[in-house]
Amino acid sequence: MSERGLRISNLQAGVEGNAILKGIDLEVLPGSVHALMGPNGSGKSTLAFSMAGHPSYHVTAGSVTLDGEELIGLAPDKRAKSGLFLSFQYPAAIPGVSVANFIRTARQAVRPDDLTPAKFRALIFEKLDTLDMDAAFLSRYVNDGFSGGEKKRLEMLQLAMLAPKYAVLDETDSGLDVDALKAVGKSVNALRESESGKEIGFLIITHYPRILQHIAADHVHIMMDGRIVKSGGPELANVIERDGYDKIREEVAASVG
Amino acid sequence: MSVSRLGAVRGFSKASLDALLAHAGEGSILAAARYNALARYEELPVRSAVRGGRGWKYDLAKLDLSEIAPFAPGPDAEIDLESLSPAARRAGVTIERFSRARESHRLAFDRAFGMALDSRDDKFASLALAFQNHGTFIDVPAGVVVEEPIVVGYEARETALFPYTLVALGAGARATVTERLASTSGDAFVCGLSELVLAERAHLTYVVEQRLSSAARSIVTRRALLAANAELDVALAELGAKHTVSRLRALEDAPGARTGVVAVFFSDGDQHVDIETETIHAAGNTSSETIVRSAGTGHGQGRYLGNIKILPNAHGANASLRDDALLLSAGAHIDSIPALEIAANDVKAFHGATVGAISDEELFYAESRGIERAQAERMIALGFFEPAVSRFPGESVRDAIRATLEDKIAPRAVELV
């Protein structure tokens, strides 16, 4: 069996003694797009943070392997170096650190010495263009005074520049206007179509089906109360669009009873 | 008096001042000012440290100066005269050693000397005036603009250094002056005074780079007097010495004056840094902006007092004070004490302050991008200073400050041979 893939097995995790994830099983193969949808409080962000190694979240059982390498127990920076990227729902501001400096440092950390300064500049300008971002962004301080749309664009710029193996997008579409949403979609699609990006596996975590109008998902999973309760193809997103989560909730309750 | 006798004089008293003057041979007016200053030094108590009790390493009140030799017959301070262009010289810009300035530029000197000081001045400002032994007088005549920065470097050696920098700008003049304090190794004691006198519409940018050695002690008082529509931009980088006391006061004495102060300090190891800034709005439509960024690591201690005084006649005054401190170790301690005294109604005054550690959220965000923890801390800590450092004039000055800060954040490991 091939080792390639982002494999979440029976993942159980929580925060401050509260169990939130009650056994998540999910596999994202290279080049595929999985959407994970669920109502508020279902544990979606807990899953994202547990995978990335946020210190407040504690994994109590299960594993997450990336191309065969166990991530649980690794420091967050090591997970990124293994090839994991997390796009934050609420990215932190780092005043005084310019976007250019930050991305250069990050790129150097995950792919040491692979780009000359000139090549780095060429690459980042190309990605800025795809995202409809002005070059002025590069000298602004990371997320400092950024609008919601600007923050999400910066997450996408980092995704493009760090070229991970697997990308987890945590509610990247929350609170976005149509233009910003389109930019996110355009960026992900451009990456998937590129030579370097077509093998990236995506896990898109979202509350609303909107983002899936811009990014085609291969598989859709519904999460509720810390478990994945239903999985299917893209048409599952349409069910949510039409009926909300209540119908699925009833279905799940009925099957348990 | 022979050289060897001079070296034997110790402590600060009339006798040592007599000896200094016999050596320096100044005119009687300046000597009178010195004796008056010495008398004030002897009378005045040390201005008591505000809540200084709790384990502050250095208490000014307990400073024992009796063993310090007040002067040595060594060379005068280094003054960089190369930076003055022929055009500036032709326009009448003066840079002269203090000891000769009064002889060669009497009118200009007398017009400026003592203008920014007053009787409120404290014990150590008086000591600095009394024992002034290395000084620079800079005079920029009315209307003259000096593009290239004028750099004044003072180097402390084994004895006490009393630098006195007197800068006078005529109406509409513009200049940038950089005051550098450095020391070769040793227990240097620096007690200095800077007087900045700005005529109407003058614009002075004054940069202080203090990089005294780690055993040095520095007590420097800086006073500025601004006439109508004058502008003063002060940038202070207090980075060295084991004990730094730095006091700045700008008096906006006429309408339309503006002061901008930016200060950075970083207490590491066993350093103790004590900075006070004060802007006094004594006339209408005056403005001031003060930005201070500081950090502590190791067992460093720091204290910043930020004073804004808006007097009753300062209608339409606009003042802001922003002070942020970053603690990088459990043993570091920084006190941030703002004081706003506002006696007029139709004014704007803003104050904000924070003291804290690097946030976990910022750290995790950087680490999630592959940046390892230690490097993330360095990057974030250096970034913390950036809003203040970016306000220092000149890229080479900024780069030099960033390099010093970076060394303090991550001291180079000592190589064991």
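- Counting only heavy atoms from C-beta outward, the side chains of Ile371(B) and Thr105(A) approach each other to under 4.5 Å.
- Using a 4.5 Å cut-off between heavy atoms, Ala388(B) makes no contact with chain A at all.
- Judged by distance alone, the side chain of Arg369(B) and the main-chain N or O of Phe102(A) form no donor-acceptor pair under 3.5 Å.
- With a threshold of 4.5 angstrom between heavy atoms, Val97(A) approaches chain B through its backbone and through its side chain.
- Within a 6.0 Å sphere centred on CD of Glu16(A), heavy atoms belonging to other residues, nucleotides or ligands number 12 at most.
- A distance below 6.0 Å separates the ring centres of Phe88(A) and Phe364(B).
- The two atoms that bring Pro387(B) and Gly96(A) nearest to each other are CD-CA, 4.4 Å, heavy atoms only.
- Enclosure of atom CZ in Arg140(A) by more than 12 non-hydrogen atoms of other residues, nucleotides or ligands within 6.0 angstrom is indicated.
- Atoms CD and OG, from Gln158(A) and Ser368(B) in turn, are 7.5 Å apart once rounded to the nearest 0.5 Å.
- The minimum heavy-atom distance between Glu367(B) and Ala80(A), with the atom names listed, is O-CB, 4.3 Å.
- Here CG of Asp144(A) is found 12.0 Å from CD of Glu386(B). Values are rounded to the nearest 0.5 Å.
- Heavy atoms of Pro91(A) lying under 4.5 Å from chain B belong to its backbone as well as its side chain.
- Counting only heavy atoms from C-beta outward, the side chains of His54(A) and Glu361(B) approach each other to under 4.5 Å.
- Ile94(A) touches chain B through backbone and side chain together, each having a heavy atom under 4.5 Å away.
- When heavy atoms are compared at a cutoff of 4.5 Å, Ala75(A) does not approach chain B at all.
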